[in-house]
A.B. asks: 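Quick one: the structure is below, questions incoming.
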Amino acid sequence: MTRNIPDKPGLDGLEAKWDERWENDATYRFDTSKTRDEIFAIDTPPPTVSGSLHMGSVFGYVQTDTHARYRRMSGKEVFYPMGWDDNGLPTERRVQNYYGVQCDPSLPYDPGFSPSDEPNDPPFHISRRNFIELCHGLTAEDEEVFEHVWRTLGLSVDWTQTYATIDDHSRRTSQKAFLNNLERGELYAQEAPVLWDIDFQTAVAQAELEDREKGGAYHEIAFHKPNGDPVYIETTRPELICSCVALVAHPDDDRYRDMFDSSVTTPLFGVEVPFVAHHLADPEKGTGVAMICTFGDTTDVTWWRELDLPTRAVIQPDGRLQEEVPDWLPGQAGEIYGEIGGLFANQARKKMASLLANSGDLVGEPRQITHPVKFYEKGDRPLEIVTSRQWYIRNGGRDTGLNRELLARGEELHWVPEFMGVRYKHWVEGLTGDWLISRQRYFGVAIPLWYPIDANEIVDYDNPIVPDDSQLPVDPTSDTPKGFDESQRGQPGGFAGDRDIMDTWATSSLTPQIAGHWIDDPDLWERVFPMDIRPQGHDIIRTWLFATVVRSHFEHGELPWETATINGWILDPERKKMSKSKGNVVTPLDFVEKYSADGVRYWAASGRPGTDTAFEEEQLRIGRRLAIKILNGARFALGFSDTDVEPTAITEPLDTSMLAQLKETVVGATAALEEYDYARALDLAERSFWDWTDDYVELVKTRAYDDGPAAESAHAALQLALSVYLRLFAPFLPFVTEEAWSWWKDGSVHRASWPTADEFRGVVGEAGILDAVSSILGEVRRAKSDAKTSMRTEVELVEVTADAETVGLAKQAEDDLLAAARAAEIRYTDGEFAVLSTLAQDSSS
RNA sequence: GGGCGUUUAGCUCAGUUGGCUAGAGCACUGCCCUUACAAGGCAGGGGUCGGCGGUUCGAGUCCGUCAACGCCCACCA
């Protein structure tokens, strides 16, 4: 083929050019005819589609792409899908803010509704269906933008294999898995106290909690013994005295030994409650006596359950104390309650403090403290505990047998890096309950169940009506169960649809099943499952990774993948996790514009597996420089001949020496990539390449410009080396390598075979020759540099002192050395290495 | 309170099973427009490898201990 090498190769426009070509040529299309052992399957993380991608996202995705590209070149057919995680709260919140709307399920659907250009303030209330339509619309827009970013960065995804966690296929898969879990008893509903976000008005799971240090105040408050003597407690939540069901102290606490099994009365309300003993009561905290309320915190729930205490809940799902006076507060107690009923907890707290101060039951002033408070990780106000009916998937949090099985799965999984497995272990060991998957939200996969309503209008939750597989996906709030008529919805003798949706993890825990088409393409499923790798961040080991293991364990009785490759985070200069909320956003496309996609990829691939890395823009510039260097190196290597020169022409010792070193680089880089250490492979290739350009290329240059067999040897060696380097760099710098490859080869470098040691058969010489002459050349250069003269300065004599072995090696490439050094003569003496260069005097004229 | 990780040149980081004078890039200094490359290239200065103790012929590398930083987990009275 005719070579068409630009005079001044550059990086501009490579991204668009090659993205289009790869798309047209279906370069990364998955071949569904391959068998499982020929396939490398990746369980790609579906990015959350709620806003924009930042450099932190790019980091992990590029690293995964290097695995995909390496495996593809090594002969595997790579199954590399892309998903969008668009269901769930992040999208709902984004839609609420973007349009200024609020979902109100009680409103009817408005077919003519369209959002206003500017966000409404206050929010405009719209129906559930209108709200969901907005969610779909906005996520579709975002997904287009995301795909553009990924394409520009050169992710070798098969773009025909995409899914969204809210699309019909994902919903069908998710609901089918739910129903299977239900049928096998791995999933159940329970009415129980749950952690509850009062703003989102939904239950949340253990995995979604985080502690935040918040200000609060200890109130020392007097309860009263039957004889009127006070018993003091300390609490940060005096508003819950009306919910108090007992006081508790440690059984070994001598101060209260005589009080156990007696009763006391609450201040203001005068409700009689027992004084009980439990080992969780901490004698060191406060007065050693705690007030048990239903429910102020998770310890209250433990005490309530283990001590079999009554329920006196007043906190409503919206975070307010209920308006109506509870039946356990008769008469005057009820009147006092009237002062706080209807208030938010924090308002009621202040009110109670002043009421208690007036009655003399508050000791001194409340003492300000800061203490950890549980929050929903996406929430803004402390969680409350509300009793409600929720769905749970068993996860070993209440069952030691299952817990052991899941710990064993963690042992079985290959972790990269290895220490990440500890995080899984600790999480599973620390589980306190089953996995709560139901959410009282709108934009998600519906719980696929209805419930019969009997003649007395009682909903029978224990005997749900289950849809057929053919009905999936269903929305029980609008679809009708078989055997019923829509008019029977909510009627005696009719049915009620479950209004809840599943948490987004309940669906994204099925990404292998969704991408592999478990329910509708058994042929594909068999070829890709279990998958090879699950790439993801370490922050979601407890959620996404663990949940996926749980679902696969139940559904298939095996691990969903062989290996988990855990990537680190990008930290900003203050060493905080880089994310858009931190305000340190420059978009990935801005960086592509400035440093090229290959420059950005170089930066991402330089970060060690699993290691958090500080963002340093300089790294992108270095990547850009390497990319340009590769283009120029290719231009040089291909500049001597319009046709390929056979490797049999390679005869010169310097050339075979260079190839011997390159072979070692190939072996090292391959071993690193096999162990998922892309950064090490890149580092090896990069060092080797810079040495190649600095030393070998300079040494061979004069000979290469000549004619004859020695020149032919140089041409062939340059071409072979270039071919190897382009393939070595292809997983990291797909654009420049493809560009240079296209100058002289047919087809894509990304479908070329990964370089192996076999390719060097017959062309490998003594590796030491290149080192020997390079070190001498380096000394000559130093002499010229010390003399502050040009590298072109002629040298009259190079006197080398070295051991016999070095001399022997150097002599084999003496002509190349003399030419590169511009030296007329070289002499050798035995001894410790030293080089004396006699520079020509007239060169500086 | 438990656990994990990090600590190597001014900065960002490599150093694979312990092995000759500890490396790279940036920054800094000097030189060079040399026919692949001046948004380059060549060369140079710069480090008691966090502290202490140990194993060993030999320790940045293994063991113990302490410290700082980061992250994860933990029952909020």
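Atom set for the values below is all heavy atoms of this structure, side chains included, hydrogens, waters and symmetry mates excluded. Lettering of chains follows the sequences in order, A, B, ..., and the numbering in each one begins at 1.
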A.B. asks: What is the nucleic acid contact for A/Gly633, judged by heavy atoms within less than 4.0 Å: base, sugar-phosphate only, or nothing?
C.D. replies: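 Base contact.
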
A.B. asks: Distance check needed: B/G40 P versus A/Ile622 CD1, whole Å only.
C.D. replies: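 That distance rounds to 11 Å.
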
A.B. asks: Please state the P separation for the pair B/C52 and B/U61 - nearest whole angstrom.
C.D. replies: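 Those two atoms are separated by 13 Å.
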
A.B. asks: Is it the case that B/G30 (base atoms only) and A/Ser785 (side chain only) share a donor and an acceptor within less than 3.5 Å, ignoring hydrogens and angles?
C.D. replies: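 Yes, a donor-acceptor pair under 3.5 Å.
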
A.B. asks: On the nucleotide B/A74, are OP1 or OP2 found under 4.0 Å from the side-chain N or O atoms that A/Gln206 carries?
C.D. replies: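 The answer is yes; a side-chain N or O of A/Gln206 sits under 4.0 Å from OP1 or OP2.
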
A.B. asks: Starting from P on B/G40, measure out to CE on A/Met791 and report it in whole angstrom.
C.D. replies: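 These atoms are roughly 18 Å apart.
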
A.B. asks: Side chain of A/Arg423, heavy atoms from C-beta onward: which of B/C71, B/A43, B/A39 has the nearest atom to it?
C.D. replies: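 Per side-chain heavy atoms of A/Arg423, the pick is B/C71.
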
A.B. asks: Could you tell me the Watson-Crick or G-U partner of B/U6, where both distances fall under 3.5 Å? Say none if there is no partner.
C.D. replies: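 Result: B/A68.
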
A.B. asks: Classify A/Ala634 by what it touches in the nucleic acid, base, sugar-phosphate, or nothing, heavy-atom distance under 4.0 Å.
C.D. replies: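 A/Ala634: no heavy atom of the nucleic acid under 4.0 Å.
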
A.B. asks: Counting heavy atoms from C-beta on, name the nucleotide in B/A77, B/C42, B/A74 closest to the side chain of A/Asp694.
C.D. replies: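 Taking heavy atoms from C-beta onward, the closest nucleotide is B/C42.
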
A.B. asks: For A/Val248, answer base if it contacts any base atom (sugar-phosphate contacts may also be present), sugar-phosphate if it contacts only those atoms, and nothing otherwise; contact means non-hydrogen atoms under 4.0 Å.
C.D. replies: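 Since no nucleic acid heavy atom lies under 4.0 Å of A/Val248, the category is nothing.
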
A.B. asks: Parallel under 30°, tilted from 30 to 60°, perpendicular over 60°: which one fits the rings of A/Trp744 and A/Trp741?
C.D. replies: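 Taking A/Trp741 first and then A/Trp744, their aromatic rings stand perpendicular (interplane angle over 60°).
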
A.B. asks: So what does A/Thr302 hit on the nucleic acid, given a heavy-atom distance under 4.0 Å: a base, only sugar-phosphate, or nothing?
C.D. replies: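 Since no nucleic acid heavy atom lies under 4.0 Å of A/Thr302, the category is nothing.
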
A.B. asks: Can you tell me the pairing partner of B/G1 across any strand shown, Watson-Crick or G-U wobble, with both distances under 3.5 angstrom?
C.D. replies: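 Answer to the pairing question: B/C73, which forms a Watson-Crick or G-U pair with B/G1.
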
A.B. asks: Could you please name the option among B/G44, B/A27, B/A77 that lies closest to any side-chain atom of A/Arg782?
C.D. replies: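 Side chain of A/Arg782 sits closest to B/G44.
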
A.B. asks: Please determine if a side-chain N or O atom of A/Arg781 lies less than 4.0 Å away from the OP1 or OP2 oxygen of B/C42.
C.D. replies: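 Checking A/Arg781 against B/C42: no side-chain N or O falls below 4.0 Å of OP1 or OP2.
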
A.B. asks: Apply side-chain contact (heavy atoms from CB on, under 4.5 Å) to the pair A/Asp282 and A/His250, showing each step before the final yes or no.
C.D. replies: CA-CA 6 Å; A/Asp282 183 353; A/His250 195 276; over 6 Å; no

A.B. asks: Please check if the distance between the ring centroids of A/Trp603 and A/Phe615 is under 6.0 Å.
C.D. replies: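 Between A/Phe615 and A/Trp603, which both carry aromatic rings, the centre distance is below 6.0 Å.
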
A.B. asks: My understanding is that a pair needs two contacts under 3.5 Å, Watson-Crick or G-U wobble. By that rule, which nucleotide pairs with B/G25?
C.D. replies: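 Paired with B/G25, as far as the under-3.5 Å criterion goes, is B/C11.
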
A.B. asks: Could you tell me how far B/G60 sits from B/C49 if I compare only their P atoms? Round to whole Å.
C.D. replies: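 Straight-line distance between the two P atoms is 7 Å.
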
A.B. asks: Identify which nucleotide among B/A38, B/C26, B/C76 has an atom closest to any side-chain atom of A/Thr298, counting heavy atoms from C-beta outward.
C.D. replies: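 Output: B/C76.
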
A.B. asks: In terms of the nearest nucleotide of RNA chain B, which residue is placed more toward the 5' end: A/Lys701 or A/Glu616?
C.D. replies: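 In this pair, the answer is A/Glu616.
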
A.B. asks: Quick check on B/G41: is either OP1 or OP2 less than 4.0 Å from any side-chain nitrogen or oxygen of A/Lys784?
C.D. replies: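 Indeed not, no polar side-chain atom of A/Lys784 lies that close.
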
A.B. asks: Pick the C1' atom in B/C33 and in B/A38, then give their distance to the nearest Å.
C.D. replies: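 It comes out at 7 Å once rounded to the nearest Å.
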
A.B. asks: Is the phosphate of B/C26, meaning OP1 or OP2, less than 4.0 Å from a side-chain N or O of A/Arg625?
C.D. replies: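 The answer is yes; a side-chain N or O of A/Arg625 sits under 4.0 Å from OP1 or OP2.
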
A.B. asks: For RNA chain B, whose closest nucleotide is more 5', that of A/Ser606 or that of A/Trp692?
C.D. replies: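 Its nearest nucleotide being more 5', the pick is A/Ser606.
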
A.B. asks: Can you tell me how far C1' of B/G25 sits from CG of A/Leu682, to the nearest Å?
C.D. replies: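 These atoms are roughly 12 Å apart.
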
A.B. asks: Nearest to the side chain of A/Arg680, heavy atoms from C-beta on, is which of B/C71, B/A77, B/U16?
C.D. replies: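 Taking heavy atoms from C-beta onward, the closest nucleotide is B/U16.
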
A.B. asks: Can you tell me, in whole Å, how much space there is between the P of B/G25 and that of B/G41?
C.D. replies: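 It works out to 10 Å between them.
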
A.B. asks: Tell which nucleotide pairs with B/C33, taking only Watson-Crick or G-U wobble pairs whose two distances are both under 3.5 angstrom.
C.D. replies: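 With both distances under 3.5 Å required, B/C33 matches none.
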
A.B. asks: Determine the contact category for A/Glu686: base if any of its heavy atoms lies under 4.0 Å from a base atom, sugar-phosphate if only primed atoms, P, OP1 or OP2 are that close, otherwise nothing.
C.D. replies: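 Here A/Glu686 touches no strand at all.
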
A.B. asks: Suppose you measure atom C1' in B/C57 against the same atom in B/G1; what distance do you get, rounded to whole Å?
C.D. replies: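 Per the computed distance, 45 Å lies between those C1' atoms.
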
A.B. asks: Going through the checks in order, is the side-chain contact (heavy atoms from CB on, under 4.5 Å) test met by A/Tyr725 and A/Ile630?
C.D. replies: CA-CA 9 Å; A/Tyr725 277 122; A/Ile630 288 170; over 6 Å; no

A.B. asks: Verify the ring-centre separation between A/Trp415 and A/Tyr424: is it less than 6.0 angstrom?
C.D. replies: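 Judged by ring-centre distance (under 6.0 Å), A/Tyr424 and A/Trp415 do meet the cut-off.
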
A.B. asks: Once you apply the 3.5 Å cut-off to both distances, tell me the Watson-Crick or G-U wobble partner of B/C62, or none.
C.D. replies: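 Base-paired to B/G54.
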
A.B. asks: Which nucleotide, B/A77, B/A14, B/C42, lies nearest any side-chain atom of A/Tyr218?
C.D. replies: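 Nucleotide nearest to A/Tyr218's side chain: B/A77.
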
A.B. asks: Check every atom of B/C31, B/A14, B/G25 against the side chain of A/Lys788 and return the nucleotide holding the closest atom.
C.D. replies: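 Side chain of A/Lys788 sits closest to B/C31.
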
A.B. asks: Can you check the distance between B/A59 and B/A22, where both ends of the measurement are the P atom (answer in whole Å)?
C.D. replies: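 These two P atoms come out 13 Å apart once rounded.
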
A.B. asks: Just how far, in rounded Å, is P of B/C76 from CG of A/Leu240?
C.D. replies: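 Distance, rounded to whole Å: 16 Å.
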
A.B. asks: Using the C1' atoms only, state how far B/C13 lies from B/G19, rounded to an integer number of Å.
C.D. replies: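 Their C1' atoms lie roughly 24 Å apart.
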
A.B. asks: Between A/Phe735 and A/Arg601, is there a cation-pi geometry (under 6.0 Å to ring centre, at most 45° from the normal)?
C.D. replies: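 Judged by the rule (NZ or CZ under 6.0 Å from the ring centre, within 45° of its axis), A/Arg601 is not positioned above A/Phe735.
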
A.B. asks: Using a cut-off of strictly less than 4.0 Å, decide whether A/His371 has a side-chain nitrogen or oxygen near OP1 or OP2 of B/A77.
C.D. replies: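 It does, given that an N or O in the side chain of A/His371 lies less than 4.0 Å from OP1 or OP2 of B/A77.
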
A.B. asks: I'd like the P distance from B/U55 over to B/A14, given in whole Å.
C.D. replies: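 The same atom, P, in both gives a distance of 31 Å.
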
A.B. asks: Any ion pair linking A/Arg367 and A/Glu234 (charged N to carboxylate O, less than 4.0 Å)?
C.D. replies: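 Counted as a salt bridge, because a side-chain N and a carboxylate O are separated by less than 4.0 Å.
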
A.B. asks: Whole angstroms only, please: what is the CG-P distance between A/Leu280 and B/A74?
C.D. replies: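 Going from A/Leu280 (CG) to B/A74 (P), I get 15 Å.
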
A.B. asks: At less than 4.0 Å, is any side-chain N or O atom of A/Lys629 found next to OP1 or OP2 of B/G41? Yes or no.
C.D. replies: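 Checking B/G41 against A/Lys629, a side-chain N or O does come within under 4.0 Å of OP1 or OP2.
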
A.B. asks: Report the nucleotide, chosen from B/G23, B/G25, B/A77, that has the shortest atom-to-atom distance to any side-chain atom of A/Arg687.
C.D. replies: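 Looking only at side-chain atoms, A/Arg687 lies closest to B/G23.
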
A.B. asks: Check the distance between B/C73's C1' and A/Leu209's CG and give it to me in whole angstrom.
C.D. replies: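 Distance check: A/Leu209 CG to B/C73 C1' gives 12 Å.
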
A.B. asks: Can you measure A/Glu208 atom CD to B/C73 atom P for me and round it to whole angstrom units?
C.D. replies: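 Result: 12 Å.
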
A.B. asks: Below 4.0 angstrom from OP1 or OP2 of B/G15, is there any side-chain N or O of A/Arg608?
C.D. replies: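 Yes.
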
A.B. asks: Is NZ or CZ of A/Lys285 both nearer than 6.0 Å to the six-membered ring centre of A/Tyr218 and within 45° of the ring axis?
C.D. replies: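 Judged by the rule (NZ or CZ under 6.0 Å from the ring centre, within 45° of its axis), A/Lys285 is not positioned above A/Tyr218.
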
A.B. asks: Looking at A/Gly607, is its backbone amide N or carbonyl O close enough to the side chain of A/Tyr678 to form a donor-acceptor pair, meaning the two atoms are under 3.5 Å apart?
C.D. replies: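 Yes, the answer is positive, given that a donor and an acceptor are paired below the 3.5 Å cut-off.
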
A.B. asks: Would you say the side chain of A/Lys374 and the base of B/C76 hold a donor-acceptor pair, judged only by whether the two atoms sit under 3.5 Å apart?
C.D. replies: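 No.
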
A.B. asks: Atom CG of A/Leu626 and atom C1' of B/G40: how far apart are they, to the nearest Å?
C.D. replies: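 Rounded to the whole Å, the gap is 14 Å.
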
